[in-house]
Amino acid sequence: MPETPSFQSPTGTRDFYPVEAARRRFITEAWRRASILHGFEEVDGPIFEHLELYTVKSGEEIVADLFSFTRKGAEKTYALRPEFTPTLARLYATKANSLPKPTKWFTAGPFFRAERPQRGRLREFLQWNVDLLGDASPAADAEIIATCVSLLRGLGLTAQDVRVKINHRKALAEWLTQRGLPIDRQPALLKLLDNKGKMPPAEFAKEIAAFGFAPEQAEVFQKGLIRVTIDERTPTGAPADTVVDVTYFSEAITPLARELAAAGVLDWVDFDLSIVRGLAYYTGMVFEVHEASGAERAIAGGGRYDNLVELFGGPPTPAVGFGMGDVVLALVLQDRKLMPEDPKLMEVAGQRPDVFVLSNGTPEAEAQVKPLVGLLRARNLHTRHTYRQTRNVGKLLEEAVKLRARFAVIVETGTTATVKSLETGQQTPPVPIPDVAKLVGG
RNA sequence: GUGGCCAUAGCUCAAUUGGUUAGAGCACCGGGUUGUGAUCCCGGGGGUUGCGGGUUCGAGUCCCGUUGGUCACCCCA
């Protein structure tokens with residue numbers, strides 16, 4: 001299409017009309033509330049970074065999945081940020097000595113990945129990142145997960161709707177080593193676990209057998225779940241655990257389970273051996289949040305990354321955190337009918353008008369509309385008026401209702417107006433115009 | 001990067017299977033009405049049928065390409 005320019009939006013991006021913008025705000029405000037509720041402070045960085053910031057952590061292969069560019073007369077190569085963690089590590093490393101321990105930061109903003117879009121994945125999306133740095137304890141792990149659960153709960157989701165699936169890299173590796181699986185073969189096993197959902201059970205069983213597990217033990221990995229209770233002296237697993245002894249693993253994660261119980265979120269959690277995440281940099285606990293039936297992609301994912309700050313030039317610093325994108329979250333909310341519908345949405349997004357001012361159409365009354373609108377706005381009331389030509393009171397009230405205004409003010413004369421509550425239908429007798437503001441809450 | 005499906009008004013869909021000037025509902029605007037949220041009636045604006053090419057007397061309809069959407073694979077920080 002050489003000649004006429006295309007005005008379609010770029011692949012994998014979205015246009016935000018008022019309704020979509022309100023949905024976005026519904027989500028980002030929930031993110032912000034949950035973050036602040038748990039004592040995290042907002043930070044941010046540039047939306048593009050030097051390309052090397054990403055290749056340091058992820059290698060050259062990542063370049064294919066980035067939007068990168070150079071300036072004409074090229075200096076350096078930049079990339080639109082695909083994730084926040086490298087920026088976060090830089091922020092922390094730069095001021096590490098003066099930052100409190102722990103440092104609790106969150107951010108929310110746009111990120112970019114040059115992939116083919118599909119359900120739950122776009123090229124431009126919003127992501128919420130919550131990180132706790134400088135604390136290596138299981139309590140820190142639990143605090144991060146509790147913050148994530150707080151968000152989910154705040155949006156109306158329940159432990160029946162979504163599950164937090166937790167694994168522990170280090171514990172799993174040590175357990176596997178104890179069982180006699182050499183370190184160098186473990187990545188292949190993790191990869192297999194990660195792919196479990198995409199292959200027939202028989203094939204999975206066959207492949208798992210290659211790692212020295214009996215066929216019936218494959219079933220445990222197939223199922224993946226380990227129940228951990230803190231009521232008993234020794235954690236016990238689900239019945240399947242008798243087939244594969246995960247006692248060592250369970251002991252390793254018991255401190256975390258206790259902290260999760262103390263934080264009141266243990267009932268949202270499953271310990272799941274098949275949660276792998278990227279192999280690159282997680283060093284301990286890893287987790288993902290999934291819709292309970294397995295529909296949709298992961299809603300959130302994260303874990304402990306104790307080596308990363310050092311990798312970006314800071315002091316050795318334990319860290320734990322997660323990211324949550326808006327795309328899958330919105331899909332799950334819509335699946336569960338938890339995303340407010342159109343008129344309600346404006347209210348949720350804080351855009352509901354307080355007052356709609358109209359007149360009865362006489363010149364004296366009409367002349368008072370704009371001054372009154374200005375007066376009410378000066379009192380911090382969200383005030384609207386019509387742009388239509390009709391002065392039919394019925395039609396204008398209809399417009400006020402459609403906008404979900406709380407009050408309609410009808411200017412009756414050059415000096416008086418009536419105030420009608422659109423919620424109760426009650427209407428005052430004519431009052432002096434200067435009295436209107438206090439009648440509508442100004 | 002690979003593959004399947006899809007594309008008609010802002011939205012949801014029609015168009016007698018290749019045949020006149022592409023229609024309807026919703027939405028939007030105006031009127032019915034110097035005055036109260038409903039219902040109803042009348043009228044209006046809106047389309048290069050995603051875009052480009054081809055076949056044909058004739059293409060929204062058939063063919064090729066392309067762009068975009070969607071779903072899956074790869075990947076998933």
Side-chain angles (χ1 to χ4, degrees), chain A residues 1-15 17-19 49 53-59 61-66 79 81-89 111-123 125 127 129 191 194-195 198-199 276-282 286 288 296-298 300-303 305 308 311 321-323 325 327-328 342 356 358-366 386-413 417-428 430:
Chain A
M1 271 207 320
E3 306 204 353
T4 53
S6 165
F7 293 109
Q8 293 171 312
S9 60
T11 297
T13 62
R14 296 170 286 183
D15 291 328
Y17 290 89
V19 168
E49 292 271 13
L53 187 73
Y54 302 114
T55 54
V56 160
K57 176 186 150 202
S58 307
E61 323 83 67
I62 198 181
V63 176
D65 293 326
L66 299 179
R81 62 184 189 184
E83 59 167 325
F84 190 68
T85 309
T87 300
L88 177 95
F111 293 86
F112 308 85
R113 296 179 185 177
E115 305 168 295
R116 282 277 285 272
Q118 51 187 294
R119 185 171 180 84
R121 293 176 70 173
L122 296 173
R123 289 183 157 187
F125 55 95
Q127 194 178 77
N129 281 259
K191 176 89 176 164
D194 198 26
N195 280 332
K198 292 179 182 173
M199 55 179 70
V276 175
R277 311 276 314 147
L279 296 176
Y281 64 90
Y282 287 114
V286 290
E288 290 180 355
E296 311 297 353
R297 295 166 187 283
Y305 51 98
L308 201 67
L311 183 64
F322 70 91
V327 183
V328 176
D342 196 356
F356 189 93
L358 59 141
S359 81
N360 61 5
T362 63
E364 317 85 75
E366 184 62 28
T386 192
Y387 290 89
R388 309 169 79 187
Q389 289 176 17
T390 182
R391 286 299 175 263
N392 180 288
V393 172
K395 289 197 172 177
L396 295 180
L397 283 172
E398 200 176 320
E399 184 179 356
V401 168
K402 188 172 292 183
L403 291 168
R404 293 184 65 81
R406 297 174 201 281
F407 292 96
V409 173
I410 307 168
V411 181
E412 305 288 353
T413 69
T418 55
V419 177
K420 181 179 178 107
S421 165
L422 295 177
E423 287 165 347
T424 68
Q426 289 187 332
Q427 187 167 343
T428 67

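Lettering follows sequence order; numbering is per chain, from 1. Worth knowing before you read on, the calculation uses all heavy atoms, side chains too, and leaves out hydrogens, waters and symmetry mates.
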5'-most contact on RNA chain B (nearest-nucleotide basis), A/G120 vs A/T418, goes to A/T418
Just N and O in the side chain of A/R391: are any of them under 4.0 Å from OP1 or OP2 of B/rU34? no
Taking any strand in view, what nucleotide pairs with B/rG65 in a Watson-Crick or G-U wobble way, both distances under 3.5 Å? B/rC51
Find the distance A/E115:CD to B/rC76:P and express it as a whole number of Å. 10 Å
Sort out the partner of B/rG1 for me: Watson-Crick or G-U wobble, both distances under 3.5 Å, none otherwise. B/rC73
Working to the nearest 0.5 Å, report the span between CZ of A/R81 and CD of A/Q127. 9.0 Å
Counting only side-chain heavy atoms from C-beta out, which of B/rG3, B/rU36, B/rA77 sits nearest to A/E83? B/rA77
Out of B/rA77, B/rG37, B/rC76, minimum distance to the side chain of A/E398 belongs to B/rG37
Could you identify the nucleotide paired to B/rA24, looking across every strand shown and requiring Watson-Crick or G-U wobble geometry with both distances under 3.5 Å? B/rU12
Hey, does A/T85 reach any base, or is it just sugar-phosphate, or nothing, if we go heavy atoms under 4.0 Å? nothing
Separation of the C1' atoms in B/rU17 and B/rA59, to the nearest angstrom: 13 Å
Contact class for A/S421 (heavy atom, under 4.0 Å): base, sugar-phosphate, or nothing? base
Which nucleotide in the set B/rC76, B/rG35, B/rG69 lies at the smallest distance from any side-chain heavy atom of A/R121? B/rC76
Pairing partner (Watson-Crick or G-U wobble, both distances under 3.5 angstrom) of B/rG46: none
Rounded distance in Å between the C1' positions of B/rC57 and B/rC40: 49 Å
Heavy atoms under 4.0 Å, any strand shown: does A/G425 hit a base, just sugar-phosphate, or nothing? base
Please produce a list of atom pairs where a protein N or O lies less than 3.5 Å from an N or O of nucleotides 26-30 of chain B.
{"unit_1": "B/rC28", "atom_1": "OP1", "unit_2": "A/K402", "atom_2": "NZ", "d": "2.9"}
{"unit_1": "B/rG30", "atom_1": "OP1", "unit_2": "A/Q389", "atom_2": "N", "d": "2.9"}
{"unit_1": "B/rG30", "atom_1": "OP2", "unit_2": "A/R388", "atom_2": "NE", "d": "2.9"}
{"unit_1": "B/rG30", "atom_1": "OP2", "unit_2": "A/R388", "atom_2": "NH2", "d": "3.3"}

I want to verify a distance call: between B/rG37, B/rC75, B/rG35, whose nearest atom is closest to the A/Q427 side chain? B/rG35
Neighbour count >12 (heavy atoms, 6.0 Å) for atom CD, A/Q426: no
Distance check, C1' atoms only: B/rG60 and B/rA7, in whole angstrom units. 11 Å
Sticking with atom C1', work out how far B/rA24 lies from B/rC5, rounded to a whole angstrom. 27 Å
May I ask you to say what A/G302 touches in the nucleic acid, namely base, sugar-phosphate or nothing, with a heavy-atom cut-off under 4.0 Å? nothing
Among the candidates B/rU70, B/rU34, B/rA72, find the nucleotide nearest to the side-chain atoms of A/Q118. B/rA72
Select base, sugar-phosphate, or nothing to describe what A/L422 touches, counting heavy atoms under 4.0 Å on all strands. base
Considering every strand and a 4.0 Å limit on heavy-atom distances, what is the contact class for A/E412: base, sugar-phosphate, or nothing? base
Does B/rU20 adopt a syn or an anti glycosidic conformation, taking syn as a chi angle within 90° of 0? anti
In whole Å, what separates the C1' atom of B/rG1 from that of B/rU48? 34 Å
I'd like the P distance from B/rU61 over to B/rU55, given in whole Å. 15 Å
How far does the C1' atom of B/rA14 sit from the matching atom of B/rA22, given to the nearest Å? 10 Å
Give me the distance, rounded to whole Å, that separates B/rG50 from B/rA15 when you measure between the P atoms they each carry. 15 Å
Quick one, A/E366 with A/S359, criterion side-chain hydrogen bond (donor to acceptor under 3.5 Å, both in side chains). Give me CA distance, side-chain angles, the key distance, then yes/no. CA-CA 5 Å; A/E366 184 62 28; A/S359 81; 2.5 Å; yes
Closest listed nucleotide, where the reference is the side chain of A/T11 and the choices are B/rG68, B/rU34, B/rG35: B/rG68
